[in-house]
Q: 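Can you keep this structure in mind? I'll have questions shortly.
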There are 2 protein chains.
Amino acid sequence: MSTTKSIQSVERAFSILELFQQTGCAEHSLKEIAQALELNKSTAFGLVNTLTELGYLQQNRENQKYALGLRLLSFSNTVKVQNIIIRTVHPYLEQINRKYGETVHCAVRQGDGVIYIDKVEATGSIHISTQIGTLNDLHCTGVGKCILAYMPPEDQERVLNGPLKTMTIHTVTNAEQLRREIETVRRQGYATDSEEIAIGLSCLAVPVFSGPDTVACAISVSGMTVRIQNARDNGLLEDLQRLAREISRQIFGS
Amino acid sequence: MSTTKSIQSVERAFSILELFQQTGCAEHSLKEIAQALELNKSTAFGLVNTLTELGYLQQNRENQKYALGLRLLSFSNTVKVQNIIIRTVHPYLEQINRKYGETVHCAVRQGDGVIYIDKVEATGSIHISTQIGTLNDLHCTGVGKCILAYMPPEDQERVLNGPLKTMTIHTVTNAEQLRREIETVRRQGYATDSEEIAIGLSCLAVPVFSGPDTVACAISVSGMTVRIQNARDNGLLEDLQRLAREISRQIFGS
DNA sequence: AAATATTATTCTGTATTACAGAATAGAAAT
DNA sequence: ATTTCTATTCTGTAATACAGAATAATATTT
């Protein structure tokens, strides 16, 4: 929307921080940072130095490399406290997790993707490595389909006609097929992900409405395909739908 | 240390984000932001706009006000995954929490303060509202005293002679008295906080060493004074000290 | 142990950019 | 309908962030 020019040094500062997420590597030398972002070494130094002084990066005395600073932790704390959706939804996620023992997520729309904003992980040994706060695709996740199904038509079309990344052989990458599936989601009031993001992994998701045809967030339960099927046999869908109505009422009072 | 000049717009951008933590208010108008940081409105707009486009702020369509963006959540996730101390210490915190039912913290030094980097909260109803990632004082917390006790002498003196904020009537605000207490901490191998930060609240903390006389982090258990006393009667101190040695060995191999 | 390579950090002039102030648009209140 | 807010956009300029060169500090090789 806003056509105003972004402030270069701020963009660059954050892209340095984001670099640590992308690479998964905990430490980077100044040189690596400069190369990865195609910055002049001294330019990179200025940014890195500023971030270090602010506590958002820290330098390892041993090898001089930089790592993410612990002060970044403060933000997630504040975000969680201040975000009414996270505050309200969390106990419900725990409730579902207690009953079915699977991983439960809450996600919201961010641009043309979803961000998982909260989770309660399965007690079992199998890990689903979702990253809270990172952007995920709409077309191959249960929560994504819930959100996509109620997006404004023009946004929806842009996503449908945009690139639909193939994650597994079950990923729906055809616009027409996805359009039909989204209609089904609207009709049924829930979305599924049947091994579309990873083989063996399925998920069941419901939208939480803030008003007619407007989705505030989506809640999903994911786990091994057979276990999700079991959970559905034991009333998971009904529980999720009841929950979604309850949350809706609690936050948006309708 | 570094005398290099920080990049102004990066500093300002972060001070905008930090504003939301200080005030505790979830939403701020552009005007409020500009006033709070004494920035020209259009300067503030440029920064706010950049942060919004990056997803670190979000604008409420209704009232045009700004709030922290959910993308900030992604950092704490990465920090936790990448930080070896948090990864290693967390299960031990849970272990202590299970045994004694009190709130357990892990903190590290940051400049002349401490940052709580992880916690497991008491199961009971009483909340100790520690903010993960935020800077706290050294002189009035158990973890702080553990860290202060093993700081390089010049740093220690700077803190001792600096302002020592009064939190309760029990807070040690006299440099000489604090110096003596710190000696005791070194001799005994643990630190206490007896209602020095809040009336009714006590804490027991131990340092985790990364080498001789070098503290990597500190671990504390806090709760209502009588309950902490009970826990000590049941072996809390010994458990903490064993834990600290164990963690030390596991991370720093000695 | 000396020499070389590599990397972080400082210095400096300048082109660029972020800034402040004024102007505009848009909403809310009167 | 008028006024009073506040958020945005526009624009010239002063200030800043930038790039490149120089230096310091470390590691590596000979």
Side-chain angles (χ1 to χ4, degrees), chain A residues 1-20 23 25-69 111 152 211, chain B residues 1-20 23 25-69 82 111 152 211 214:
Chain A
M1 309 314 145
S2 189
T3 175
T4 314
K5 201 148 165 286
S6 272
I7 293 171
Q8 190 184 51
S9 40
V10 175
E11 278 187 329
R12 286 175 167 180
F14 278 99
S15 64
I16 288 175
L17 297 180
E18 288 164 14
L19 178 68
F20 289 83
T23 58
C25 183
E27 290 188 335
H28 289 286
S29 67
L30 178 64
K31 194 195 178 192
E32 284 167 358
I33 294 169
Q35 281 179 342
L37 304 178
E38 296 178 347
L39 296 174
N40 181 292
K41 216 174 11 158
S42 74
T43 303
F45 178 77
L47 294 162
V48 161
N49 189 249
T50 304
L51 289 168
T52 305
E53 288 195 344
L54 292 171
Y56 298 111
L57 281 182
Q58 56 186 53
Q59 189 172 26
N60 184 340
R61 293 268 163 202
E62 306 293 321
N63 57 12
Q64 295 189 106
K65 290 191 174 189
Y66 294 90
L68 288 182
Chain B
M1 307 314 144
S2 189
T3 176
T4 313
K5 202 148 164 286
S6 273
I7 292 171
Q8 190 185 52
S9 38
V10 175
E11 278 187 328
R12 287 174 167 181
F14 278 99
S15 64
I16 288 176
L17 296 180
E18 288 164 14
L19 177 67
F20 288 84
T23 58
C25 182
E27 290 188 334
H28 289 286
S29 67
L30 178 63
K31 194 196 176 189
E32 285 167 358
I33 294 170
Q35 281 178 344
L37 304 177
E38 296 178 350
L39 296 174
N40 181 291
K41 217 176 9 161
S42 74
T43 303
F45 178 76
L47 293 162
V48 161
N49 188 55
T50 303
L51 289 168
T52 305
E53 288 193 344
L54 292 171
Y56 298 111
L57 281 182
Q58 56 186 53
Q59 191 172 25
N60 185 340
R61 292 268 164 201
E62 306 294 320
N63 57 11
Q64 294 188 106
K65 290 190 174 188
Y66 294 90
L68 289 182
Q82 293 184 354
T214 315

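Chain identifiers are assigned alphabetically (A, B, ...) following the order of the sequence lines, protein sequences preceding nucleic acid strands; residue numbering begins at 1 within each chain.
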Q: Give the rounded distance in Å between these two atoms: CD of Gln59(B) and C1' of dA27(C).
A: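 Nearest whole value for this atom pair: 13 Å.
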Q: Which residues pass the side chain to side chain donor-acceptor pair (under 3.5 Å) test with Glu32(B), not counting sequence neighbours?
A: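 His28(B).
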Q: For nucleotides 12-15 of chain C, print each protein N/O atom paired with a nucleotide N/O atom at under 3.5 Å, atom names and distance only.
A:
none

Q: How close do Leu19(B) and Ala36(B) get, counting heavy atoms only, and between which atoms?
A: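 The answer is CD1-CB, 3.8 Å.
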Q: What closest approach, in Å, do Gln58(A) and Thr52(A) show between heavy atoms, and which atom pair accounts for it?
A: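 Scanning both residues completely, I find the closest heavy atoms to be CA-CG2, 4.4 Å.
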Q: Check side chain to side chain donor-acceptor pair (under 3.5 Å) between Ser9(B) and all other residues, then give those that pass, not counting sequence neighbours.
A: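 Residues passing side chain to side chain donor-acceptor pair (under 3.5 Å) with Ser9(B): Ser9(A).
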Q: Asn49(B) CG to dA7(D) C1': how many Å, rounded?
A: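 After rounding, the reported distance stands at 11 Å.
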Q: Can you confirm whether the side chains of Ser6(A) and Glu53(B) place a donor and an acceptor under 3.5 Å from each other?
A: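 There is such a pair between these side chains.
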Q: Is Leu37(B) close to Leu47(B) at the side-chain level, that is, under 4.5 Å between some pair of heavy atoms?
A: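 A side-chain contact under 4.5 Å is absent here.
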Q: Under a 4.0 Å heavy-atom cut-off, which of residues 25-34 of chain A touch DNA chain C?
A: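 Within this stretch, Ser29(A), Leu30(A), Lys31(A) sit under 4.0 Å of the strand.
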Q: Tell me, please, which residues at least two apart from Ser42(A) pass side chain to side chain donor-acceptor pair (under 3.5 Å).
A: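 Side chain to side chain donor-acceptor pair (under 3.5 Å) check on Ser42(A) returns Asn40(A).
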Q: Could I get the full list of side chain to side chain donor-acceptor pair (under 3.5 Å) partners for Thr43(B), not counting sequence neighbours?
A: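 If we apply the side chain to side chain donor-acceptor pair (under 3.5 Å) test to Thr43(B), skipping adjacent residues, there are no hits.
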Q: What is the distance, to the nearest angstrom, from the CG atom on Leu37(A) to the P atom on dA17(D)?
A: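 Roughly 18 Å, once rounded to whole Å.
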Q: Do the side-chain N or O atoms of Tyr66(B) get closer than 4.0 angstrom to the phosphate oxygens (OP1, OP2) of dT8(D)?
A: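 So the side chain of Tyr66(B) is within the cut-off, an N or O lying under 4.0 Å from OP1 or OP2 of dT8(D).
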Q: Between the protein and nucleotides 24-29 of chain D, list every N/O to N/O distance that falls short of 3.5 Å.
A:
none

Q: Testing the basics here: between Ala13(A) and Leu51(A), what is the closest heavy-atom pair and its distance to 0.1 Å?
A: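 That would be O-CD1, 3.6 Å.
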Q: Can you name the nearest heavy-atom pair linking Val48(A) to Leu30(A), along with the distance?
A: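 Scanning both residues completely, I find the closest heavy atoms to be CG2-CD1, 4.1 Å.
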Q: Rounding to an integer number of Å, can you tell me how far Phe45(A) CZ sits from dT23(D) P?
A: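 To the nearest whole Å, that distance equals 17 Å.
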Q: Are Thr50(A) and Tyr56(A) side-chain neighbours, meaning at least one heavy-atom pair lies under 4.5 Å?
A: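 Not touching, per the 4.5 Å side-chain cut-off.
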Q: Using the ring-ring contact (aromatic ring centres under 6.0 Å, His included) criterion, which residues pair with Tyr66(A)? Sequence neighbours excluded.
A: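 Tyr66(A) satisfies ring-ring contact (aromatic ring centres under 6.0 Å, His included) with no residue once adjacent residues are dropped.
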Q: Work out how much the helix from dA1(C)-dT30(D) to dT30(C)-dA1(D) bends between its end axes, five pairs an end, to the nearest 10 degrees.
A: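 Both end axes considered, the difference amounts to 40°.
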Q: In this structure, how many angstroms lie between the P atom of dA27(C) and the CG atom of Asn60(B), rounded?
A: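 Those two atoms, CG and P, are 15 Å apart.
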Q: Measure the distance from CD on Gln35(A) to P on dT6(C) and round it to the nearest whole Å.
A: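 In whole Å, dT6(C) P and Gln35(A) CD are 12 Å from each other.
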Q: Could you pull out all residues at least two apart from Ala34(A) that satisfy side chain to side chain contact (heavy atoms under 4.5 Å, CB included)?
A: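 Scan of Ala34(A) (side chain to side chain contact (heavy atoms under 4.5 Å, CB included), adjacent residues dropped) gives Ala44(A).
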Q: For the pair Gln59(A) (side chain) and Gln64(A) (backbone), establish whether a donor and an acceptor sit closer than 3.5 Å, ignoring hydrogens and angles.
A: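 Yes, because the side chain of Gln59(A) sits within donor-acceptor range (under 3.5 Å) of the backbone of Gln64(A).
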Q: With sequence neighbours left out, write down each residue that passes salt bridge (Lys or Arg N to Asp or Glu O under 4.0 Å) with Glu27(B), or none if nothing qualifies.
A: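 Not a single residue meets the salt bridge (Lys or Arg N to Asp or Glu O under 4.0 Å) criterion with Glu27(B).
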Q: What string of B, S and - do you get for nucleotides 16-24 of chain C 5' to 3' if you count protein non-hydrogen atoms under 4.0 Å?
A: -SSSBB---
Q: Hey, could you give me the CG/OG distance between Asn60(A) and Ser29(A), rounded to the nearest 0.5 Å?
A: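 Here the interatomic distance stands at 12.0 Å.
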